[in-house]
Every structure is written in structure tokens, then in C-alpha cells.
Amino acid sequence: MTAVIEVRSPADGGVAGAVPDQTAEEVSSAVANLRANQPAWEALSYAERVGWLRRYRDWLLDNEDRLGRLLQSETGKPWGEATFEVPYVVDVINYYAKHGERFIAEQTPRPHGAITMTKKQRMVYRPYQVVGVITPWNFPLALALMDSVPALLAGASVVVKPSEFTPLVTREAIAGWAEIGAPPVFGCVTGYGPAGAAVVDNADFVQFTGSTRTGKVIGQRAAERLIPCSLELGGKDAMVVLADAELDRAVNGAVWGALCNSGQMCTSVERVYVEAPIYEDFVARVVERVGELRQGQDDQGYHFDVGALANENQLAIVQRHVDEAIEQGAKALTGGKRAAAGTFFEPTVLIDVDHSMACMTEETFGPTMPIMRVADAEEAIRLANDSAYGLSATVWTKDKQRGESVARRLEAGSVNVNDMFANLFTLPLPQAGWKQSGIGARNGGEYGIRKFCRSQAIVSSNLTPKREPQWYPYTRLKGTLLRKLTRLVTARDLRRRFGLR
Ligand code: NDP
């Protein structure tokens, strides 16, 4: 009998559903089927593949509420957040449906010199046969589909392995691909870490989103197999608030940025640096706003703002960061502890923090906002860059030029100026983690689809004499002529061109 994984609701601990715990052999056989079906998918025109993705987009929209309810049942998100994900994926489908063909169109560079003048050169983008997508539990639908879409449009088959905590909505969404009658090139496998490892062992390209710890394990295995991987990992995003910031916007941005999805976003605001003249005012306003938030889960109502944490492990990390900070002299101005039922943790504003504390250096991934007073922008930049991570950051100031110049000094793959998470929606720009936050990027216009392709050089001769001059046999006459000719076209001064030196 196949073992199953029971999925529980973080909001109340009830059973949300179950999925098979697939063995490495089952994963391997699923990948083999996807591989066998891939050549026919690649052979379709781009427009034909777009046709399937458009039908799939319509299916996602038609099933949006059902998918939202399922997602909510396994994540404990409030309805306002459970419904973020389908629209995001639809935007990705529309973007790559419109631009992808141009991004991976074959290129015909002109010969760069006399030696290749008679050759026709073409650069063709050919997909990896099977792309493996391994995803975490914080955005189970968006993170599974946003990378699958460009990979499918490039002509690859895709296998997704969702987190054991949130496999239900991912599996259901991928079942929609079969429901619309699309070619069998998109599949889902379920299980624990070993099922993910089996994806890495069988796919031709791995797209991983998750922790830095697991990302390193996957990167090592991918290196052993000599397959490429793109690793989107954790973060410790800094928010820099300068004294001339539009204060209410900065405060509202900070509260949403730190607490959205209960702080379980790779790009959450994890630490805030505020210039001294506005520090007191900023903190007071943050505390007031946080006090207005409603925590809980509400089916399809909009009665709550902050949901539950994904599981007990996550709650234990958050509690440890808060407790350690308080032991070391920090103060919690709000929250600081779990709420009564489920894995809810009260939104927590911490002050009197510094970089000796885990809450300022390790990824918390929870509803906390440690705020630190800084003397000036220079100190804020130095502290923001004092991190092993480099995913993204924000800068807040009325002086846009100054904001952008501070942005250029931050060691982070993306920086929003006077905005929160805006870069997640700018599909033409890459979302890349620097330092321990990853290798490679997602989105980024043509990069976001070319990454799922291998480039192939095709060279064909316009002239086809019986043999080329450099082929056998080697003779003195041919050799001398060839060398003189090569000098003539490659040297850049007359004396060397004509062999006078
Ligand atoms: P994990 O790294 O624990 O797990 C991610 C996925 O990898 C899961 O599906 C997991 O399966 C699977 N997995 C575990 N072990 C292996 C293995 N040896 N080989 C292959 N796959 C394996 O991350 P979390 O689920 O805890 O997610 C939270 C993390 O994700 C945070 O650090 C966050 O910052 C990061 N993240 C990064 C984003 C980005 O774009 N940079 C976006 C969102 C999140 P299972 O769960 O079944 O063990």
C-alpha cells in the first residue's frame, strides 16, 4: 500500500487532505514519461504552445475560488492572501505568451571576419527536456507555476515537487492541465525531501525555491550530475528609512512588508534601519498600525489581515528569535508570543536590537519587525550590507535620486525605492538573490525563458567545394598561402600584414 502524507491546516490542526508519499522509483518513472512526451511538445510551434497555456490560464481563472479555498486550508492564510496567487500566474502566462517567441527566436549573426564569410550561422534555443521545479510552502501555487510557465512555453516538460506541508493546491492546479486535454508534459510528484532529491536525480534542469540549507544540498547534487540549477533562496531584507521619508507611506510599507503572509516571504522586511531624527515617530506609528491589524482565518471573508505560520517548526524559530532578543536587551512593543489556537504568532515589533542578535542576522520568516535607530544613511548602508544574504531591500526618502544612489550601494539583487515588493511584479526585470540568497534569477524578460533552454550553434556552408583549404592533405604551398592570407586579414598594421617583420 502506498504511504500517504496527511496535510493539516495550520489554523486549527484539522486534516486538510492527503497525498501519496512517492518513492524515488515512482518519481523516476514519472520523469521518464514526461521525457518521452517532450519531443512532440517541442515540435509544436510557439503559437500552438501558447494556445494551451491560454486555455490553462482560463481554467485557472474559472477555478480561482476553489483553488483559493484549498490553498487556504493547507496554509492558514486569510482570504485576502489566499487569492493573491492565481492573478500573479495569469500575468506571467500573458507576459510570456506575448513576448516569449521573440525572446527565444533563432538568431543569425553576421560573420565576424573574413575566415567565416562563407558560413551561415544560426543560434537556436532548444529546451532542456525535463525541468524539475521544487517549491516551498509559503506560496504553493505561484511558486510552482511561475517558473513552470516559461519552461513549458520554451518546449520543456515540467515536473513539480511541492512542499510536504502544502501539496494539495499545487497538485490540484497541475491536474487542471490534464483536465483541459493538454499534452502530458506537465506533472506533479509528491513526497518528502527524498522525492525532491529524486527530481534532482532525474531532471535536466532544476529550478529550486526554498531554504539556503536545502539549496546547497541541491546545488551539490546538481554539480555531481553536471546539470544546471537556479536556486532562489532565503533572505534577510533590510528597509532603510531616511529622515526625509514620506513617513506614513514608509510606516504602511513597513507593516505590510514585514507582516504580509505572516512574514513568510523570502522578500519580507526582516530588519528596519531608521535615521535618528524620525526614529521615535516612526516606531510610534508602526506600533499604532500593528495594533489595528486583525489576526485569524476567515474562509472567504475579509475579516482578518494576518494568518497563521505554516507549521510548528516555523513557529519555534520565530519564538526563539524573539526570546533570545529579549534576553539580550531588546523590547517587544507588541506581541512576542503565539496566539491561543493553531500556529498563529502575534505580530511583534522589536526595538533596542543589534547585530549580535539572531533576529537581525538569521532569516526569521515570521511576523516580526526589529527596528534599529541609525545615525545616518552611511550607518544604515553599512548595517544593511552586514548580512550573509542579499535578496532584496528597500529605501525610503522623498529625494528619489538619493534613494537610487543608496540603492546602488546595497548588496542586494533587487531594491525598491519608496515601494514594497514592487519588483516581484516587474517581469522584465530579474529577481536574483545575491550572496547566500541564490544563484541565477527568475523573470528578467528574455532571461526568464532562455534559462530553460540550451543554446545550439548551427553552422552551414554557403559554398561547398570538394574540400576546404585547411583540410587534408597538408602541403607546403597550401600551408604558406593560408598563413599569408590569415596574416593579411588578421594583422592590423601594414608591415605585419605583408610579412615584412
Ligand atoms: P525547504 O528548503 O525546507 O524546502 C523546499 C522544498 O525542497 C520542499 O519541497 C522540500 O520538500 C524540498 N526538499 C527538502 N530536502 C530536499 C532535498 N534533499 N532534495 C530536493 N528537495 C528537497 O524550504 P521551506 O519549504 O522551509 O521554505 C522556506 C524557505 O524558502 C525560506 O528560506 C525562504 O526564504 C525560501 N524562499 C525563497 C524564495 C525566493 O524566491 N528566493 C521565495 C520563497 C521562499 P519537503 O517540504 O517535502 O521536505
Side-chain angles (χ1 to χ4, degrees), residues 3 5-7 19-22 24 27 74-75 84-85 88 132-144 146-147 159-168 170-171 188-203 206-222 224-225 227 229-237 260-270 309-318 362-366 388-392 412-414 421 423-424 430-444 448:
I5 299 174
E6 201 169 66
V7 182
V19 294
D21 176 14
Q22 290 181 279
V27 172
E74 59 184 347
T75 59
F84 270 178
E85 304 191 33
Y88 190 84
V133 175
I134 302 174
T135 54
W137 38 256
N138 56 345
F139 290 95
L141 192 66
L143 289 170
M146 65 193 285
D147 295 305
V159 61
V160 178
K161 151 67 180 80
S163 163
E164 81 211 40
F165 294 105
T166 55
L168 301 177
T170 313
R171 197 176 60 145
C188 179
V189 293
T190 51
Y192 294 95
V199 168
V200 184
D201 282 345
N202 288 278
V206 178
Q207 171 68 48
F208 173 76
T209 310
S211 64
T212 299
R213 182 181 34 81
T214 308
K216 285 182 180 172
V217 173
I218 288 177
Q220 281 164 9
R221 181 63 189 136
E224 275 167 15
R225 291 197 57 226
I227 58 163
C229 60
S230 185
L231 308 174
E232 321 297 333
L233 311 177
K236 189 72 188 169
D237 285 8
C260 180
N261 210 39
S262 300
Q264 301 170 114
M265 284 180 75
C266 52
T267 51
S268 285
V269 169
E270 289 249 343
L309 289 169
N311 51 53
E312 285 291 341
N313 290 346
Q314 205 49 48
L315 196 139
I317 296 169
V318 179
E362 294 173 24
E363 188 181 41
T364 307
F365 227 55
Y389 293 105
L391 190 56
S392 47
S414 313
F421 306 142
N423 71 300
L424 302 181
Q431 193 201 331
W434 290 7
K435 304 201 268 187
Q436 298 287 297
S437 292
I439 292 179
R442 55 162 53 101
N443 302 333

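Just so you know, residue 1 is the first one in the sequence shown, and it goes up from there. Each ligand, and each atom within it, is numbered from 1 in the order the structure gives.
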Next item on the list: Tell me which protein heavy atom sits closest to atom 12 (C) of ligand 1, plus the residue, atom name and distance to 0.1 Å.
Entry: Ile134 CG2, 3.7 Å
Checklist line | Option whose closest heavy atom lies nearest to atom 18 (N) of ligand 1, chosen from Thr190, Val217, Val160, Asp21 | finding: Val217
Next item on the list: Indicate yes or no: does Arg221 engage Asp201 in a salt bridge with an N to O separation below 4.0 Å.
Entry: yes
Item checked: Per-atom contacts, ligand 1 versus Tyr192 - under 4.0 Å to a heavy atom -> 47 (O)
Item checked: For atom 3 (O) of ligand 1, the protein heavy atom that lies nearest, with its residue and separation -> Thr214 OG1, 3.8 Å
Margin query: For atom 5 (C) of ligand 1, what is the closest protein heavy atom, and at what distance to 0.1 Å?
Written below: Phe208 CE1, 3.7 Å
Item checked: Closest to atom 39 (C) of ligand 1 among Cys266, Ser230, Gly191, Ala197 (heavy-atom distance) -> Cys266
Margin query: Can you confirm, on distance only, whether ligand 1 has an N/O atom lying under 3.5 Å from any N/O atom belonging to Ser163?
Written below: yes
Note to self: Among all protein heavy atoms in this structure, tell me which lies nearest to atom 43 (C) of ligand 1, with the distance rounded to 0.1 Å.
What the structure shows: Asn138 ND2, 3.1 Å
Notebook entry, point to check: How about Tyr192 and Asp21: do any of their side-chain heavy atoms sit closer than 4.5 Å?
Noted result: yes
Checklist line | Residue, atom name and distance, where the atom is the protein heavy atom closest to atom 21 (N) of ligand 1 | finding: Gly196 CA, 3.5 Å
Margin query: For the 3.5 Å polar cut-off, considering only N or O atoms, please tell me whether Thr212 and ligand 1 meet it.
Written below: no
Check: Tell me: protein heavy atom nearest atom 6 (C) of ligand 1, and distance?
Finding: Thr135 O, 3.5 Å
Next item on the list: Begin from the C-alpha positions of Tyr389 and Leu233 and carry the test side chain to side chain contact (heavy atoms under 4.5 Å, CB included) through to its verdict.
Entry: CA-CA 9 Å; Tyr389 293 105; Leu233 311 177; 6.0 Å; no
